[in-house]
Amino acid sequence: MADSSTELIDITVSIDGKEVQLQVSQDIYQKVIQKDQATLDLICASVGENSSKQQSSQDLSNVVHQEDSEQSCQDKGKVCACKGIRTCSLCESIGKESVVPIKKDATIYSYCYQCKKAWSTATGPHPQHSGHTIDFPGIYIQENFISEDEESSIMSDIYKAPFIDSQSGRRKQDFGPKVNFKKKKLKTANFSGLPPFSKDLLAKMQASEILQDFIPVEQCHLEYTPERGSAIDPHFDDFWVWGERLVTINLLSDTELCFTMDSKPDIEVHVPMNRRSLLVVYGKARTVWKHAIHRSDIKDKRIAVTLRELSKEFSKNGPREAEGKSLLDIALTFNGVPVA
Ligand SMILES: O=C(O)CCC(=O)C(=O)O
Ligand SMILES: [Fe+2]
């Protein structure tokens with residue numbers, strides 16, 4: 001029997017969009033899975049110039065929720081809901097290869113909501129920043145948006161309903177129409193409205209100037225845990241049905257939302273999502289930059305409560321206004337249970 005410390009494991013890494021096949025030891029494999037930066041740098045350095053000669057296949061970029069045609073691990077009688085190139089700790093543990101995106105030499109900029117800029121060196125809380133800055137429009141953050149008591153009460157409501165497995169080690173609860181993005185069709189049969197606790201939450205949101213006319217038509221709860229290696233790959237949220245503002249309340253633990261742009265591979269902007277804060281992503285941060293949650297940024301269980309509004313197509317004077325109106329009528333009953 002092979003000694004596990006010398007056994008080599010096949011992995012695929014994606015360096016600046018090019019996929020490279022490697023064989024690594026168990027130790028290195030563990031570090032790659034944890035996205036240990038020193039190890040990733042070492043791999044980049046050792047693969048070096050050869051990476052451009054390797055075959056480039058599937059691009060990680062995508063618009064979220066457009067994965068209907070890919071076969072999931074569950075379809076194949078496996079352990080989780082990951083499809084295509086996506087993986088989590090569970091399917092990796094039974095041998096599914098993890099494609100780890102690595103960015104060579106990307107400068108990390110940390111966004112400060114007080115100066116509304118992203119800094120290449122953030123040495124402490126505002127105003128202790130230095131280094132190079134870039135403007136990063138389209139982010140609104142309200143720290144301590146809800147109290148600890150409100151968080152506990154929302155948590156106990158959320159965990160009264162079941163979650164279903166989602167991709168990349170996440171679990172989810174959805175309150176919204178079933179959307180077929182490819183055929184541009186919506187089904188409302190199982191949509192019973194946003195959950196009751198969202199009524200107060202929405203009133204509180206609408207007290208902020210940026211959200212005073214925000215009317216959500218969909219709510220999604222995503223659960224991330226370090227045990228499952230939960231993450232979400234860089235993506236745009238759909239533009240056809242969802243409107244400009246994506247609103248998230250971040251619960252149970254701190255994390256970061258990481259923004260990247262394909263045409264600027266040397267920059268990654270990290271936006272803090274502190275526990276109990278509210279984040280609105282709009283404008284260029286919504287339309288030009290992709291967003292992601294890295295596995296390494298999930299240190300403890302985390303719940304993201306994300307609310308989405310209708311696009312112009314479904315709003316007043318839009319071609320599908322009537323459909324939009326009936327969705328709103330259902331959403332605002334605040335009587336919903338998660339769609340199965
Ligand atoms: O977990 C988050 O905050 C981001 C989730 C997300 O991007 C999505 O559901 O489209
Ligand atoms: Fe998203």
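Order of appearance sets the numbers: ligands from 1, and atoms from 1 within every ligand.
- Considering both main-chain and side-chain atoms, H235 comes within under 3.5 Å of ligand 1 through a nitrogen or oxygen pair.
- Distances below 4.0 Å separate heavy atoms of Y224 from the following atoms of ligand 1: 1 (O), 2 (C), 4 (C), 5 (C).
- Between K184 and D238 no salt bridge is recorded (no basic side-chain N to carboxylate O distance below 4.0 Å).
- No other N/O/S atom of D237 lies as close to the Fe ion (ligand 2) as OD1 does.
- Angle NE2(H291) to the Fe ion (ligand 2) to NE2(H235): 90° [nearest 10 degrees].
- Residue L222 approaches ligand 1 through these ligand atoms, each under 4.0 Å from one of its heavy atoms: 5 (C), 9 (O).
- The backbone N or O of S277 lies less than 3.5 Å from no partner atom in the side chain of N274, so there is not a single donor-acceptor pair.
- Atom 3 (O) of ligand 1 has its nearest heavy-atom neighbour, among R308, H291, R302, in R302.
- The side chain to side chain donor-acceptor pair (under 3.5 Å) check on Q142 picks up Y140, S208, with sequence neighbours excluded.
- For the residue pair T87 and E92, a side-chain donor N or O sits within less than 3.5 Å of a side-chain acceptor on the partner.
- Which parts of ligand 1 touch D237 is read off a 4.0 Å heavy-atom cut-off, strictly below it: atoms 10 (O).
- With a 6.0 Å cutoff to the six-membered ring centre and a 45° limit on the axis angle, R245 does not count as a cation-pi contact of Y282.
- Residue pairs meeting the ring pair (Phe, Tyr, Trp, His ring centres under 6.0 Å) criterion with at least one member in residues 154-174, sequence neighbours excluded: Y159-F163.
- Annotation for ligand 1: atoms under 4.0 Å from non-hydrogen atoms of M273 are 3 (O).
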